[in-house]
Amino acid sequence: MLTGVATLSAAPIAMAQEDAASQDVIQVTGSRIQRPDVTAPSPVTSISEATLEFNNTINLEDTLNDLPQLVPAFDASSNNPGNGTATLSLRGLGASRTLILVDGRRMVGEGAGGVVNINSIPSALVERVDIVTGGASAVYGSDAVAGVVNFIIKDDFEGVEFDVSSRWTEDGGAGNFNTSLTMGGNFDGGRGNAVLSMSYNDREELFQGDRDFSRDTLIDNGSGSFGTTGSINIPNTLLLAPDFSNFDPSVAPGLQANINDRCSNLGGAGADTCWGFGVFVDDSGALQPFRTAGPNNDRFNYAPANYLQLPQERYNFASFVTYEINENVEVYGRAFYTNSIVDSQLAPTPGGTQFDFTIDENNPFLTGELRALFDANSSINVGDIDGDGVNEYQFTTGRRYEEIGNRNSLRDTHTYQIGGGLRGSINANWDYDVYAQYAKSRADQIQTGNVSISAVQAIVEEGRWNIFGGAGSLTPELAEEISRTGAIFSTNEQVSAVASVSGEIEQFQSPWSSTPLAIATGLEYREEYVRRQPDSVLGPDVMGFNQSTFIEGSYDVYEFFGEANLPLIEGAEFAEYLALNAGYRYSDYSSVGTVESYFVGAEWLPIDSVRFRTQFQRAVRAPSVSDLFQSDSNGFPGVQDPCSTSSSGAFNLLSPEQQTAVRDNCINLEGIDAATFDAGVPQANSQVESIFRGASNLEAEEADTFTIGVQWSPEFVPGLDLSVDYYDIEIANALGGATAQQVINDCVINGNANACVITNRQGNGALDSFGDRAGEDPNGDGIAQALTTENQTGLFVKGFDYSATYTFSPNWDFGSLALGINGTILDTNSFQPTASLGVIECKGFYGADCGEPTPENKFLAFGTWMYGPLDLTLRWSHIGEMTDVQTQFYGAYAEGLDVTSIDAFNYWDINANYQLTDAIRVYGGIRNIFEQEPPRLGDGPQSEQANTWPATYDPYGRQFFLGLTATY
């Protein structure tokens with residue numbers, strides 16, 4: 001009989017077969033029905049404890065994100081974007097569509113989105129991880145749209161187990177120390193068992209400045225090598241105006257001389273290219289043209305201060321107890337507690353267009369050259385606007401507030417979950433399980449390095465700070481006056497209860513089968529409550545971290561579920577086993593009303609060694625508290641403006657045909673004056689402020705998933721197991737919406753006037769923001785515009801999963817061998833942001849709309865040699881070649897860059913386990929043996945961070961680990 005479970009090492013195959021033989025029935029992930037073997041009605045990938053140990057899995061996402069079924073989400077490298085959590089995204093459909101379970105029961109989420117942080121799961125107690133892809137809402141409820149990740153815990157343990165390990169990198173930094181202690185034993189003559197486990201993890205920081213590939217902010221300028229770039233917000237003061245290029249040279253002769261020295265002309269060609277709309281004040285008070293591009297550019301390199309690995313300190317505690325009251329009743333309980341402290345860090349706060357100042361002409365810090373330049377610029381010299389007989393100057397600056405220090409976000413999370421229940425047998429055919437739990441997660445986030453906009457304006461306009469004094473001009477006293485420390489306190493609470501029965505109905509039995517109808521049915525209740533409370537500092541006056549808004553809300557759901565498996569034929573020719581299975585769940589939400597999920601499927605074994613299976617599922621995801629109650633908030637996503645001809649714009653990436661159409665759209669739909677456009681539309685920064693808004697009247701997502709597959713264990717090759725499964729997932733009304741980049745592309749490339757309403761531009765045509773800030777109505781339409789969340793996105797994923805394992809003992813005296821592979825071949829991974837936008841294909845692409853690389857071909861393979869007390873394993877991880885997704889939209893994009901694709905990557909790891917004595921095992925290994933450096937990318941918003949995709953491609957280099965496990 002086939003196991004029906006794809007594994008990544010040899011040991012768990014034997015374990016699964018022993019379990020099946022040693023007990024009458026077991027329960028597998030993906031079904032609530034007790035089964036006589038470890039088969040599942042839908043495809044399951046199982047990661048054993050041995051596999052987790054092989055990879056020195058301290059943080060669970062380390063190993064799981066390598067699986068072909070997952071596209072990496074937040075992990076230890078996720079500094080910006082990132083929030084200090086670790087999440088999983090099956091099929092790349094998002095962490096919110098991946099249901100996380102522990103022993104088949106929900107974990108409490110974190111934050112307003114309610115996404116589970118898997119750092120809260122005690123990795124030392126994980127026996128295996130089961131992954132079901134393709135929907136499982138009928139069995140487990142909402143959120144199982146992409147599938148389920150179920151962590152099976154060792155809750156019945158006798159003895160004492162102590163484990164300690166350390167990991168370090170050859171190039172230094174990024175160390176990781178972990179230790180755990182588990183104790184358990186039986187009591188009252190074996191009727192009861194209690195387990196207590198404790199673990200501690202200390203993960204060291206690694207800065208982007210500590211690695212060659214990430215220490216500089218790079219740009220791919222098509223010159224054959226990467227150039228350095230960065231932010232226009234520099235430690236000096238950058239003065240922004242609609243046009244500094246048309247000034248009279250006699251007004252500021254010193255500036256003219258500097259132009260001749262530093263660049264060929266304003267906006268002209270040369271080794272260094274200068275802006276025509278900005279100058280900066282150097283440390284001596286002289287005006288300098290701002291070199292926006294070239295080998296000597298003046299941009300600020302923000303990379304070194306950012307983390308490449310976030311430091312973490314984590315404590316896990318878990319306890320389990322079971323007690324058999326009698327042969328029909330067992331009481332059980334469990335409790336988890338995790339304290340995780342994670343640090344994130346960004347370069348000092350950049351202050352951009354929000355910092356508008358008004359000073360009078362008698363300001364003591366104005367140099368003669370600067371005053372003359374202001375007088376000559378009508379956009380700055382606004383006259384006597386307050387009627388005091390003195391002219392005023394109004395100007396905007398860009399500045400990096402380096403004197404305050406780096407921005408730091410410390411996230412201190414406390415998660416606990418406690419529950420218990422009764423289970424047992426009603427009679428020979430029926431079992432029951434009644435369980436209830438309460439869970440709570442509290443995350444306290446302290447953010448330092450913020451700057452108050454009003455405080456900066458005050459010290460400038462009151463004449464207490466010389467903003468033109470250059471870098472370091474802020475005194476410690478003034479730096480303390482304008483800096484702000486903010487805090488966000490988030491609480492998630494979950495109450496749930498489930499009662500179920502399972503068994504066989506002997507009255508319903510096929511005449512061609514010896515097994516009757518098996519069912520599982522029950523009731524479930526769940527309540528989710530979320531509160532996110534930022535303090536008053538993190539409002540619209542703060543710059544540094546984004547503004548945070550208050551969210552509070554809750555919902556509950558009452559559910560009925562049922563599942564059935566009916567064998568039709570057993571033991572017949574060409575029908576050793578043929579069965580139908582089905583499931584149904586009815587859910588009544590206080591937020592979105594009633595929803596239904598279901599599945600129907602079939603299994604067919606023409607002979608013992610071959611199993612065919614197929615299943616169709618309707619899966620659902622109810623809106624989260626964040627979806628339902630989010631008020632307006634701001635963010636700064638990366639955007640390339642197709643109307644801009646500057647280095648961070650995208651006009652030059654278009655084909656000539658596209659440029660003609662885009663010019664017309666920028667003028668007619670975006671309202672940019674033709675002369676202004678032809679003179680050159682700037683883009684001051686690649687990150688553009690955007691207003692985000694939740695929506696009311698949301699509905700639950702509905703996903704249709706279809707799987708069909710075959711498993712084969714050929715009798716003529718003992719020990720060989722093969723499987724292949726086709727999957728097709730389609731979500732027509734996914735909760736989502738267009739990104740800022742998609743909006744601007746839809747507006748000026750596709751010519752959609754409706755999309756243009758959301759964009760706002762400055763007088764010089766530069767992209768200013770997406771959506772209307774509080775109290776503003778730039779378009780004068782009386783409608784508060786924003787990037788909204790609606791049931792308007794389509795998601796589509798198709799492909800093939802395949803696996804093979806082969807365990808054999810050659811005719812030699814040197815042990816046995818095991819080989820295996822687990823892979824995915826994508827047919828499509830695409831989405832349609834809104835009904836008015838086209839479908840965007842992400843299979844084989846990375847960046848911009850697609851985000852994290854989504855390879856067409858990805859697999860893990862291994863080979864294990866088992867010889868007495870020694871296990872030696874070699875692992876091969878393959879990531880297929882990738883292409884920059886911008887090549888889909890910009891006709892001349894690839895012509896202007898050196899790197900628009902990433903070659904296939906292959907990583908090799910080796911691990912050795914040696915049973916030194918009956919009680920002591922030592923282990924160690926090398927990860928990334930050949931020290932593959934991640935691909936370097938340098939094209940602005942295309943790369944996630946650190947000039948690469950550090951969650952997909954190993955950013956740490958060769959790593960070593962050693963550990964010891966002692967069992968008594």
Side-chain angles (χ1 to χ4, degrees), residues 52-65 74-79 82-87 110 117-126 161-183 196-211 305-318 336-345 406 408-416 441-446 448 911 922-928 950-951 954-966:
L52 297 174
E53 290 177 349
F54 156 74
N55 207 40
N56 187 223
T57 302
I58 298 173
N59 294 83
L60 290 163
E61 75 276 9
D62 284 350
T63 294
L64 297 181
N65 277 336
F74 287 163
D75 72 347
S77 68
S78 301
N79 185 60
N83 58 12
T85 66
T87 58
E110 288 187 21
N117 177 9
I118 65 170
N119 277 332
S120 301
I121 300 171
S123 56
L125 281 176
V126 174
E161 182 176 277
F162 171 75
D163 182 85
V164 61
S165 68
S166 181
R167 187 193 309 164
W168 65 96
T169 66
E170 183 174 292
D171 295 327
N176 212 331
F177 172 80
N178 187 71
T179 185
S180 65
L181 176 66
T182 302
M183 301 174 289
L196 175 65
S197 179
M198 300 167 284
S199 64
Y200 170 75
N201 170 221
D202 183 11
R203 187 175 68 198
E204 295 178 350
E205 76 276 357
L206 183 71
F207 291 96
Q208 291 182 22
D210 295 331
R211 293 292 187 265
N306 284 254
Y307 285 131
L308 190 56
Q309 175 169 285
L310 278 63
Q312 178 190 54
E313 191 170 21
R314 181 179 58 172
Y315 301 85
N316 281 121
F317 299 90
F336 299 100
Y337 170 76
T338 300
N339 176 216
S340 178
I341 303 171
V342 184
D343 204 17
S344 302
Q345 182 168 288
N406 294 319
N408 187 272
S409 178
L410 184 68
R411 183 185 183 94
D412 187 356
T413 304
H414 300 262
T415 303
Y416 60 88
S441 176
R442 192 189 82 231
D444 300 337
Q445 207 164 352
I446 307 300
T448 59
N911 158 264
V922 293
Y923 58 92
I926 305 173
R927 303 170 68 170
N928 193 359
D954 177 18
Y956 307 119
R958 188 180 293 120
Q959 299 179 71
F960 305 88
F961 65 89
L962 283 174
L964 178 147
T965 301

Which value, rounded to the nearest 0.5 Å, describes the distance between [X] atom [atom1] and [Y] atom [atom2]?
X: Leu196; Y: Leu181; atom1: CG; atom2: CG; answer: 7.5 Å
X: Asn201; Y: Ile341; atom1: CG; atom2: CD1; answer: 11.5 Å
X: Arg314; Y: Ile58; atom1: CZ; atom2: CD1; answer: 8.5 Å
X: Leu964; Y: Ser165; atom1: CG; atom2: OG; answer: 10.0 Å
X: Asn178; Y: Asp163; atom1: CG; atom2: CG; answer: 7.0 Å
X: Asp210; Y: Gln309; atom1: CG; atom2: CD; answer: 11.0 Å

Closest non-hydrogen atom pair between [X] and [Y], with its separation:
X: Phe961; Y: Tyr923; result: CE1-CD1, 4.0 Å
X: Gly84; Y: Asn117; result: O-ND2, 4.5 Å
X: Leu308; Y: Pro955; result: CD2-O, 3.9 Å
X: Leu125; Y: Ala318; result: CD1-CB, 3.5 Å

Going by the rule salt bridge (Lys or Arg N to Asp or Glu O under 4.0 Å), which residues pair with Glu170 if we only count those two or more places apart in sequence or in a different chain? Arg958
Those residues that, when tested against Arg211, pass salt bridge (Lys or Arg N to Asp or Glu O under 4.0 Å) (two or more places apart): none
Do Thr413 and Glu110 pass the side chain to side chain contact (heavy atoms under 4.5 Å, CB included) test, and can you show the C-alpha distance, the side-chain angles, and the key distance before you say yes or no? CA-CA 9 Å; Thr413 304; Glu110 288 187 21; 3.2 Å; yes
Thr63 side-chain N/O to Leu60 backbone N/O, donor-acceptor pair under 3.5 Å: no
Give a yes-or-no answer on whether the side chains of [X] and [Y] include a donor-acceptor pair shorter than 3.5 Å.
X: Asp171; Y: Thr169; value: no
X: Thr965; Y: Glu161; value: no
X: Ser180; Y: Ser199; value: no

Phe207: what forms a ring-ring contact (aromatic ring centres under 6.0 Å, His included) with it, not counting sequence neighbours? Tyr307
Would Asn339 and Asp412 satisfy side chain to side chain contact (heavy atoms under 4.5 Å, CB included), going step by step from the backbone distance to the final call? CA-CA 7 Å; Asn339 176 216; Asp412 187 356; 2.8 Å; yes
With sequence neighbours excluded, residues passing side-chain contact (heavy atoms from CB on, under 4.5 Å) with Thr179: Phe162, Val164, Phe177, Tyr200
For Asp954, check side-chain contact (heavy atoms from CB on, under 4.5 Å) against everything at least two apart and list the hits. Tyr907, Asn928, Tyr956, Gln959
In this structure, which one of Leu410, Leu206, Asp343 forms a side-chain contact (heavy atoms from CB on, under 4.5 Å) with Pro311? Asp343
Start with the C-alpha distance between Asn59 and Asn176, add both sets of side-chain angles, then the distance that settles side chain to side chain contact (heavy atoms under 4.5 Å, CB included), and finish with yes or no. CA-CA 10 Å; Asn59 294 83; Asn176 212 331; 3.9 Å; yes
The side-chain hydrogen bond (donor to acceptor under 3.5 Å, both in side chains) partners of Asn911 (sequence neighbours excluded) come to Asn913
